[in-house]
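Note sheet for the following structure.
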Amino acid sequence: MTSTIGDDIRQTFALAAMQREAKHLKTSEQWNRTNEIMQRCARLREQEQLQFHRFYDTRVDAARRRLIDATGQVHRDLRPRDTGSDRFDAEAIRRQAEREVRGAHDRKLIKIGELEFQKLTALVRQSDRENKLRDEVRIGFHRAADRRSAQDRRNAPGPEKPTGPVKD
């Protein structure tokens with residue numbers, strides 16, 4: 001499964017948008033959970049990059065051996081033995097092994113990005129529910145704590161909804 005440039009751009013934009021949205025959470029607990037998720041995924045990316053560069057040659061060699069083994073297996077092609085050519089091309093096998101190793105590395109990075117996106121999406125949705133409930137409770141309290149007389153409450157608008165940053 002190969003991804004197109006458009007898919008990569010969409011995924012990158014979605015992750016960046018979710019990271020931006022997650023940075024605008026209200027409470028310190030929500031902010032701490034957001035930072036924890038983002039730092040964990042950054043650490044995973046960094047480890048994957050380090051492992052990729054450190055063991056690149058080893059991974060390419062293992063992939064090359066696997067490709068050689070697959071190429072060397074007996075193929076049941078119904079052809080006379082005298083026809084055909086040797087299908088072994090060392091340079092082509094090395095290039096294919098390098099493509100596979102880089103592809104596996106890219107897939108791991110994509111999985112980390114998807115994990116971060118899912119976790120941040122869940123956190124933002126949960127935080128929105130918590131903040132909405134907190135705002136509803138605050139508005140209800142202001143309505144119940146309205147000390148004006150009955151006639152004043154009927155004629156004048158009630159206390160305005162609280163605006164500004166939420167205090168815990």
For Ala92, enumerate each residue passing the side chain to side chain contact (heavy atoms under 4.5 Å, CB included) test, keeping only those at least two apart in sequence or located in another chain.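 Partners of Ala92 by the side chain to side chain contact (heavy atoms under 4.5 Å, CB included) criterion, ordered by chain and then number, come out as Asp89, Arg95.
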
Residues forming a side chain to side chain contact (heavy atoms under 4.5 Å, CB included) with Glu36, sequence neighbours excluded: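 Expected list: none.
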
Taking only residues two or more places apart in sequence or in another chain, which ones pass salt bridge (Lys or Arg N to Asp or Glu O under 4.0 Å) with [X]?
X: Arg45; answer: Glu116
X: Glu91; answer: Arg94
X: Arg99; answer: none

So do the side chains of [X] and [Y] get within less than 4.5 Å of each other, counting heavy atoms only?
X: Leu115; Y: Arg40; value: yes
X: Cys41; Y: Lys119; value: no
X: Lys108; Y: Gln51; value: no

Output the distance between atom [atom1] ([X]) and atom [atom2] ([Y]), rounded to the nearest 0.5 Å.
X: Arg102; Y: Glu100; atom1: CZ; atom2: CD; answer: 10.5 Å
X: Arg33; Y: Leu120; atom1: CZ; atom2: CG; answer: 11.5 Å
X: His53; Y: Gln49; atom1: NE2; atom2: CD; answer: 5.0 Å
X: Ile68; Y: Ile93; atom1: CD1; atom2: CD1; answer: 5.0 Å
X: Arg66; Y: Gln96; atom1: CZ; atom2: CD; answer: 8.5 Å

Would you call Arg64 and Asp61 a salt bridge, taking side-chain N to carboxylate O under 4.0 Å as the test? yes

With a 3.5 Å cut-off and no angle check, do the side chains of Glu114 and Gln118 form a donor-acceptor pair? no

Are Ile37 and Val124 linked, directly or through other ILVMFWY residues, by side chains that come within less than 4.5 angstrom of each other?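 Yes; Val124 is reachable from Ile37 via cluster members.
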
Same cluster (ILVMFWY, side-chain, under 4.5 Å), Phe117 and Met38: yes

Shortest non-hydrogen pair, Thr34 vs Leu123, comes out as OG1-CD2, 2.9 Å

Of all residues at least two apart in sequence or in a different chain, which pass the ring pair (Phe, Tyr, Trp, His ring centres under 6.0 Å) check with Phe52? Tyr56, His105

